[in-house]
Amino acid sequence: MEIIRAIGAMREVAGRARANGQRIGFVPTMGWLHEGHTSLIGLARECTDLVVVSIFVNPTQFGPEEDFERYPRDLERDAVLAREAGCDVLFVPDGGEMYPEGYATYVYVEGLSDLLCGERRPGHFRGVATVVAKLLNIVQPQCAVFGQKDAQQSVIIRRMVKDLDMDVEIVIGPTVREKNGVAVSSRNMYLSGDERVQASALYRSLVTAKKMIEAGERDVAAIVAAMRQMIESQPAARVDYISIVDSETLKEVTRLDGEVLIALAVWFGKARLIDNMVFTIENKKGKG
Ligand code: PAF
């Protein structure tokens with residue numbers, strides 16, 4: 001596995017691979033790799049010839065009060081995990097080269113970036129869309145892989161790629177969970193042992209929602225209330241939001257019909273955890 005730091009060198013390697021007819025698969029990350037990332041690298045491996053993984057803790061997607069400074073960084077550890085998962089090229093750009101003095105251009109996906117997590121983290125998705133656009137321009141992959149855990153991010157990136165006519169296929173890999181259902185995330189390292197146990201309520205609340213929908217429940221407020229009650233029974237939990245939205249527009253739904261996304265964010269101590277599930281609901285005509 002090769003480690004590349006300079007943008008020019010990354011372009012050269014990618015350009016050569018494309019010229020040789022190789023398909024490039026790309027997995028952008030902020031490092032502190034875990035099973036969620038390695039499963040995405042595995043997906044990229046399956047459908048491409050050259051797998052590029054980037055590690056860049058992107059300053060523009062963190063708010064002033066957020067954890068940019070203390071976000072975990074360990075390149076040696078990440079390099080081992082990336083190589084074992086099937087990465088060929090680890091791209092670790094420098095902050096100064098990505099955002100040099102005078103940097104002024106941002107990508108903002110209207111209508112999707114200020115809802116859900118975006119409402120609570122102003123500017124976050126502008127930073128994500130900007131850095132992903134830059135990385136896609138540098139690596140020029142045929143396929144880029146993201147995780148379903150960051151459902152809103154995936155919807156925004158798909159929209160950006162479509163709207164800006166970017167020639168890349170976006171693949172979304174399933175959420176990887178710990179044994180107790182907690183979605184794996186770099187931010188789980190902020191959880192105490194007890195908070196990690198309590199955090200399983202997020203997944204259990206989603207499973208409860210699933211069961212309610214399967215049993216015919218169509219009242220959005222009743223489902224959200226049941227989920228909230230289950231999460232708030234954990235003493236360390238502080239619900240940020242629980243929303244049921246259209247899976248494409250991310251707008252709140254009043255009626256469960258078609259493909260909906262149940263998304264939530266909950267604080268446990270210093271960690272803000274997110275999770276979600278997608279449901280396809282087919283109501284019989286005249287009902288629902
Ligand atoms: O999901 C992440 O880790 C980040 O938001 C991403 C896509 C690497 C952009 O910085």
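Atoms within each ligand, like the ligands themselves, are counted from 1 in listed order. By convention here, the first residue in the shown sequence is residue 1.
- Atoms of ligand 1 lying under 4.0 Å from at least one heavy atom of Thr29, given by number and element, are 8 (C).
- Geometrically, ligand 1 and Gln61 share a nitrogen or oxygen pair separated by less than 3.5 Å.
- Cation-pi geometry between Arg45 and Phe26 is not met: the NZ or CZ atom fails to fall both under 6.0 Å from the ring centre and inside 45° of the normal.
- Per-residue contacts place Val131 under 4.0 angstrom from the following atoms of ligand 1 (heavy atoms of the residue considered): 9 (C), 10 (O).
- Atoms CZ and CZ, from Arg159 and Phe125 in turn, are 16.0 Å apart once rounded to the nearest 0.5 Å.
- Contact check on Asp275 versus Arg177 returns a salt bridge, with a Lys/Arg side-chain nitrogen under 4.0 Å from an Asp/Glu carboxylate oxygen.
- Residue Asn58 has no N or O atom closer than 3.5 Å to an N or O atom of ligand 1.
- Think of Met1 as one node in a network of Ile, Leu, Val, Met, Phe, Trp and Tyr side chains linked at under 4.5 Å; its network also takes in Ile3, Val27, Leu40, Ile41, Leu43, Val51, Val53, Ile55, Leu75, Leu90, Val92, Val145, Val171.
- Set against the non-hydrogen atoms of Gln153, the atoms of ligand 1 under 4.0 Å away are 1 (O), 2 (C), 4 (C), 5 (O), 7 (C).
- In summary, Asp67 and Arg187 engage in a salt bridge, as defined by a charged side-chain N under 4.0 Å from a carboxylate O.
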